[in-house]
2 protein chains.
Amino acid sequence: MQSSWVLAIRSVRPSRRLASTLTTRATCLSVPAPRRLFHISSPRPQDINPAIEDMAPKAPKFEIKTPKGTRDWSGTDMVLREKIFNTITSVFKRHGGVTIDTPVFELKEILAGKYGEDSKLIYDLADQGGELCSLRYDLTVPFARFLAMNKDISQIKRYHIAKVYRRDQPAVKKGRMREFYQCDFDIAGLYDPMIPDAEIIRIINEVFEGLGWQGKYTIKLNSRKILDGIFQVCGVPEASIRPISSAVDKLDKMPWEDVRKEMVEEKGLAPEVADKIGKYVVLKGKRELLEQLQRDEELAANPSMQQGFADMDLLFTYLDAFNAGHSVSFDLSLARGLDYYTGVIYEVVTEGSAPKVSAASAEASAEKSKKKKGKAGEDEDRSDDPTVGIGSVAAGGRYDNLVGMFSGKTQVPCVGISFGIDRIFSIMRANQAKKERKNEVDVFVMAFGGGKDFTGLLKERSEIAARLWDANIKAEFLYKVKPKLQNQFKAAEANGVPFALILGEDELAQGKIKIKEMGLPEDHPLKEGELIDLKNLAREVQVRIDRKKQLDAIVEQAEGLRVVGGIKGEDIKVEQQAKEGEVTPKGEEVKAEN
Amino acid sequence: MQSSWVLAIRSVRPSRRLASTLTTRATCLSVPAPRRLFHISSPRPQDINPAIEDMAPKAPKFEIKTPKGTRDWSGTDMVLREKIFNTITSVFKRHGGVTIDTPVFELKEILAGKYGEDSKLIYDLADQGGELCSLRYDLTVPFARFLAMNKDISQIKRYHIAKVYRRDQPAVKKGRMREFYQCDFDIAGLYDPMIPDAEIIRIINEVFEGLGWQGKYTIKLNSRKILDGIFQVCGVPEASIRPISSAVDKLDKMPWEDVRKEMVEEKGLAPEVADKIGKYVVLKGKRELLEQLQRDEELAANPSMQQGFADMDLLFTYLDAFNAGHSVSFDLSLARGLDYYTGVIYEVVTEGSAPKVSAASAEASAEKSKKKKGKAGEDEDRSDDPTVGIGSVAAGGRYDNLVGMFSGKTQVPCVGISFGIDRIFSIMRANQAKKERKNEVDVFVMAFGGGKDFTGLLKERSEIAARLWDANIKAEFLYKVKPKLQNQFKAAEANGVPFALILGEDELAQGKIKIKEMGLPEDHPLKEGELIDLKNLAREVQVRIDRKKQLDAIVEQAEGLRVVGGIKGEDIKVEQQAKEGEVTPKGEEVKAEN
């Protein structure tokens, strides 16, 4: 009987016959009549399964939510996030990246001693017998562990897109989450110096350009060797270098005066040493800043500095060759928190990265609002706190010693970058102009007909849908035996489906079906649709889908990348327009802009 | 200076000039001479960063490994797994699926009371203050929680591909892991009956056909309503229905005699009731089995049975329309473990799903080998244990009450399927004939030249690579200032890169570059490569990549899908060739085949 149905649709048959066949089929069902009836009419939930009423559970007593600092992703948010992933992945593959996947938890010992003070933010698994484990804090330490375990891999360009976990104070709206995605690209192996380091910066450019940010981002660049050299030359005691470095790293959140205060009052640095540091760390620029530093005889005599100069000089040369230097800002205030960096470090910022006001100046007003809100304070989401910025949207650097922390003798030098997807998402979401579709369906299969003899053509719709699926065409239809045409159009419009395939008994009898492009203007010649041959169904539909996609692409190009029209670049963009060769110190007026 | 380099490559310049420019650039570097030297020559690790030697850490005292039952994924394993994901995702999208993402951990209360006895396998997070959380055990409960939280979503086709966690005894080689991927597609909402249920089965077919299994799988199908009806008719006390159902579910692992023993001796069922059940649960077939059952007057009088009959009758009708019935086996032994199913249930099996020997018959020999191996026993990986099969490769069913467990009154009926990616992977991996490439790079950029004046053309290679990247062409080159041609070819061959772009000073001087397809036979006219214009670089390269991809696709098609040539179908395939309408009981000889 099934084969006669297929025949009926594929060849010319009187339409009455189609209807009667379905009736015959229905009569064949050897189920008690009343049961069959509710299967044809639209059922209430308790009809589908009487258990729903009998067993209907009580609402639970606890609040139904996701854990603090985590969220669900769905709808157009999910579509946008997937687009971001796809853009980044295609850049990684363009550079020969291969992907790996590691477990979401690691042995506790693997993570121990890698994150300094931040170790308190690590999530541990409960001790349920067996090994003690913790959720991964980043993708870098698992990668180093992976390299240490796989000694046959001495060179790899690997990317890894996965979630990491930090028990930090969340600011959900700004993309600061406890569960968040990292998107890492690292080049491991022993190569001639600075070539991979430069390619990482080229990759950063390709990612943000691919996302349509059109240069509206700044790649801050520095070298641990230069920074340590400066500290040595200024007279920072060896033991204080890392703490003083941490203080310098706060220059993106507070003015120099506050940082100096922290150095002198909290960390006991001599005021004249702090002042000397202050002369250097406010500098930023491009290659000419490097040349200026190289002319400084005191710096030029320091061995760490000499190495840093050589690295940066090569790096700028290679960035030129890669045409990747335009968004780079050589920024002596960049220090990065983690201990494991050994060479170049970078951090990508954009509008919103820095907090609106510095923590110190906001202290008074915060104190007031805290009192107003009662005791919530500490435990609250900090999305609306002006002292919390989005932070950097990507960060990384060279870490030549981390793999050796696991493997002992076998060192594998590495350089890499990590993109903060949730932060990138929160920026792009806020500036999104175009509405994303929720699904990608191209065709909605409908039945047209009325009167009491209208069967709903469910079998025909099912068969047409199956033929489209066979041809890899994305298609849907309403899960209803007798749908109203109006409701079918409503469902198609709700998902923005571009084409309707409309089955009518008369057209089927002629071996035809109507295809209609949705949303055409009233005066469009094809507004009422076209009849196409059922024989050539898949081909006729595919041709129209392809044509529409081409047209849409042209329109989108013409409209420009509106998605990110709202993102503004950082101050470095202004500097670029200024005369080259001039070193601009970070002024107060620039600060105010953030 | 950088712009002169670009010019040099894009226009015609004497090749000597290129070399001298690089030398000039190098001389410009205002770093102490000895430092510059090691940057040009090939460095040892301690040259890159003296810290490597000074700070070289000691090897840690604990074993570097991933936690028990977890593994890293990399290389060609990862490539194959990504292919499986892509195939499945494209099927889901073809049916209008939208994807969601939920946190990897849920509030402990959300998971409580959902998994019966298996709750002991849930991973808890340590209590570090704040909420108590557990790692998700599946994607179904989080989906139900999501629907309960989002009351505006009354209808959704959602897919979710993510990791889930179970503290079970692992068998890594068979894809039974503690951390493993699930790949779920669920249709939620109130629709006319059985249409979504049938589409799920169509999706199962599309997924396994898409993976190239060519019908070598069986979709076991049953209904909780029919099963419960049988138990009622046979006289199973209401309270024993679920435990007896669990015993029946073991028929894929042990013969009926052992199951009967469990029912009578362990679960206290009257022997005559067990025997009556035994008559039914060994039956399997297709629509004709349903018709046979419907002719049984005792069964036909049972209300749960009547509902089950009506459901299955409609389901078979819709499966015909979707052309999706060919791999379906209506199997009365299928019961499924989880309590939340309320209607149709399915499970997909293939060769290797069932264990090689039943647990009972293996007891004696296992006892022996345990003694031999000492006390390892319980805690060992069970990959080589013949009483452990791969299990089902996909499973699912209808669950109409689960959402109500969170939302109280608001019921959202659901039906869905979950694909076990790690098991599918382990089968496809074992049968894989074609070697996958590790990365997708299409072009390797090389320098050709010799003698002491050979510069290595690093800047030129960098610029060529950057132009290819600009054109979205996947390209790599060796991170070496002066690479040997032989080593460049070796690197390209190791990754199976199809094209080499070879830069030579003489050719550059003429504005040309050589492109060479890798692996051509000795007598091929293009074996030595072709000279192409640098002006049209990207276009000339892209044309050749496209042409090669088309050719490769034709060859692959001609060779057939060798990847899965080794997968054998289950016994149902033999039955299909037998006369239709005949109900085949599960015989012992069929058992032996597994």
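All values reported here derive from a predicted model rather than from experimental measurement. The sequence lines fix the lettering, A, B, ..., with proteins before strands; numbering per chain opens at 1.
- The CD atom of B:Q128 sits 12.5 Å away from the NZ atom of A:K120 when rounded to the nearest 0.5 Å.
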Side chain to side chain contact (heavy atoms under 4.5 Å, CB included) between B:R158 and A:M78, intermediate numbers included: CA-CA 12 Å; B:R158 92 85 177 74; A:M78 191 70 184; over 6 Å; no

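- Heavy atoms closer than 4.5 Å to chain A are found in both the backbone and the side chain of B:K93.
- Remark: the backbone N or O of A:F105 is not paired with any side-chain donor or acceptor of B:E179 at under 3.5 angstrom.
- The nearest pair of heavy atoms linking A:N472 to B:R94 is OD1-NE, 2.8 Å.
- Of the listed residues (B:S74, B:P103, B:A324, B:A466), the one with the most heavy-atom contacts under 4.5 Å to chain A is B:P103.
- The contact between B:I122 and chain A is made entirely by backbone atoms, counting heavy-atom distances below 4.5 Å.
- For A:I153, no part lies near chain B; criterion is any non-hydrogen pair under 4.5 Å.
- For the set B:L125, B:I110, B:I156, the entry with the most heavy-atom pairs within less than 4.5 Å of chain A is B:L125.
- Note: B:L107 CG to A:K68 NZ = 12.5 Å, rounded to the nearest 0.5 Å.
- Using a cut-off of 4.0 Å between Lys/Arg side-chain N and Asp/Glu carboxylate O, A:D72 and B:R145 are scored as salt-bridged.
- With rounding to the nearest 0.5 Å, the separation of CZ in A:R71 from CG in B:D101 is 9.0 Å.
- Ranking A:E440, A:E82, A:E109 against chain B, the residue ahead of the rest is A:E109, based on heavy-atom pairs under 4.5 Å.
- For B:R167, the salt bridge (charged side-chain N to carboxylate O under 4.0 Å, His left out) test picks out no residue, with sequence neighbours left out.
- In terms of heavy atoms, A:S462 sits closest to B:A321 at CB-CB, 3.6 Å.
- Comparing B:G189, B:P142, B:S90, B:A126 by heavy-atom pairs within less than 4.5 Å of chain A, the highest count is held by B:A126.
- No part of B:D77 comes within reach of chain A, as not one of its non-hydrogen atoms sits under 4.5 angstrom from that chain.
- Residue A:Q155 does not touch chain B at all, counting heavy-atom pairs closer than 4.5 Å.
- Judged as a side-chain contact (heavy atoms from CB on, under 4.5 Å), and not counting sequence neighbours, the contacts of B:A475 are B:V443, B:L468, B:W469.
- Atom-to-atom distance recorded for B:I195:CD1 and A:F477:CZ is 6.0 Å, nearest 0.5 angstrom.
- Only the side chain of A:R81 comes within less than 4.5 Å of a heavy atom of chain B; its backbone N, CA, C and O stay farther away.
- If you measure heavy-atom distances from B:E131 to chain A, the contacts under 4.5 Å come from the side chain alone.
- Ring geometry for B:Y191 versus A:Y479: interplanar angle over 60°, hence perpendicular rather than tilted (30 to 60°).
- With a 4.5 Å cut-off on non-hydrogen atoms, B:E199 touches chain A through its side chain but not through its backbone.
- A distance of 9.0 Å separates SG of A:C133 from CZ of B:R178, quoted to the nearest 0.5 Å.
- When B:I187, B:D127, B:L290 are compared by the number of non-hydrogen pairs under 4.5 Å with chain A, B:I187 comes out ahead.
- Atom CZ of B:F322 is separated from atom NZ of A:K459 by 11.0 Å, given to the nearest 0.5 angstrom.
- Only the side chain of B:Y181 comes within contact range of chain A, with heavy atoms under 4.5 Å apart.
- With a 4.5 angstrom heavy-atom cutoff, B:K157 touches chain A only via side-chain atoms.
- With chain A as partner, the option from B:A198, B:A148, B:G96 having the largest number of non-hydrogen pairs under 4.5 angstrom is B:G96.
- Chosen from B:E206, B:E106, B:K65, the residue pairing most often with chain A at heavy-atom distances under 4.5 Å is B:K65.
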